[in-house]
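Working notes, beginning with the structure itself.
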Amino acid sequence: MTKAYQLLAKTFLSFSLLTSIAHAEGEVLLTVTHGESVIEYDQDGLDRLGTVTVETSTIWTDGVSSFTGVPLRNLAETLEVTEGVFLASAINDYTVEIPMSDAVEGGAVIAFLKDGEPMSVRDKGPLWVVYPYDDNPDYQSEVTYSRSIWQLDRIETSE
């Protein structure tokens, strides 16, 4: 009886874990942990969140470039989060806190294209959090620059 109960509990636990993980069909570009849920986004998944293109200069690039990606606002709305922070981490485990207050219209974008081309890891890709620095002088600050994480590969929500 005890072994049957343990097997049943283990099966239920495995099923519960499987149902809380959404897998991407293509190459995973972004993994989002939200509470007990883990969501993996491939390119199609990111596209389904809705995209924008921002034209701006950065302190790391020459001239004005276009950056296409998912507005952080769209991700927040999809996750139904309005408070707390995003813990954004790069491939090398560098992590920054991005407050939910940055998830506004005209705010941060999780860019996956620069000038219409995917970004390689050597060129700050595959994902780079970019702000419309030229459109809003408030984004031209050390605080915002520190939130502009590149080589982004995962985000965790935290209250």
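Source: prediction; values computed, not measured. We count residues from 1, following the sequence as given.
Under a hydrophobic clustering in which Ile, Leu, Val, Met, Phe, Trp and Tyr are joined whenever their side-chain heavy atoms come within less than 4.5 Å, directly or via other members, Ile98 and Trp128 fall into the same cluster. Follow the hydrophobic side-chain contacts under 4.5 Å out from Val52 and you never reach Tyr41; the two are in separate clusters. Residue Leu113 is grouped with residue Trp60 when hydrophobic side chains (ILVMFWY) are merged at heavy-atom distances under 4.5 angstrom, including chains of intermediate members.
Side-chain atoms of Asn74 come within 3.5 Å of backbone N or O of Leu49 as a donor-acceptor pair. At distances below 3.5 Å, not a single donor-acceptor pair connects side-chain atoms of Asp115 with backbone N or O atoms of Ser65. Not one N or O on the side chain of Asp42 forms a donor-acceptor pair closer than 3.5 Å with the backbone of Val28.
Taking all atoms of both residues into account, the shortest heavy-atom contact from Gln140 to Asp134 is NE2-CA, 4.1 Å. Closest approach of Leu152 and Ser89 over heavy atoms only: CD1-O, 3.3 Å. When all heavy atoms of Pro126 and Val121 are compared, the closest pair comes out as CD-CG2, 4.3 Å. The nearest pair of heavy atoms linking Ala111 to Val130 is CB-CG2, 4.2 Å. Between Phe86 and Ala76, the shortest heavy-atom distance links the atoms CZ-CB, 3.9 Å. Shortest non-hydrogen contact noted between Thr157 and Gly35 is OG1-N, 4.1 Å.
Taken from CG in Leu127 to CG in Leu46, the straight-line distance is 6.5 Å, to the nearest 0.5 Å. With values rounded to the nearest 0.5 angstrom, Asp138 atom CG is found 8.0 Å from Thr144 atom OG1. Distance check: Met119 CE to Phe67 CZ gives 7.0 Å after rounding to the nearest 0.5 Å. Rounding to the nearest 0.5 angstrom, the gap separating the OG1 atom in Thr78 from the CZ atom in Arg48 is 11.0 Å. Here CZ of Arg122 is found 10.5 Å from CD of Gln151. Values are rounded to the nearest 0.5 Å. The CG atom of Leu79 sits 8.0 Å away from the CE atom of Met100 when rounded to the nearest 0.5 Å.
Not counting sequence neighbours, the partners of Asp93 by the salt bridge (charged side-chain N to carboxylate O under 4.0 Å, His left out) test are Arg154.
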Exercise for review: Any chance you could lay out the side-chain contact (heavy atoms from CB on, under 4.5 Å) test for Val129 and Leu72, step after step, and finish with the verdict?
Suggested key: CA-CA 9 Å; Val129 174; Leu72 198 57; 5.6 Å; no

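The residue from Ile110, Thr31, Thr33 that alone fulfils the side chain to side chain contact (heavy atoms under 4.5 Å, CB included) condition with Ile155 is Ile110.
Sorted by first then second residue, the salt bridge (Lys or Arg N to Asp or Glu O under 4.0 Å) pairs that include residues 66-87, not counting sequence neighbours, are Arg73-Glu77, Arg73-Glu105.
Classification of the Tyr133-Tyr145 ring pair by plane angle, with boundaries at 30° and 60°, yields tilted.
Of the N and O atoms on the side chains of Asn136 and Tyr131, not one donor lies less than 3.5 Å from an acceptor on the other residue.
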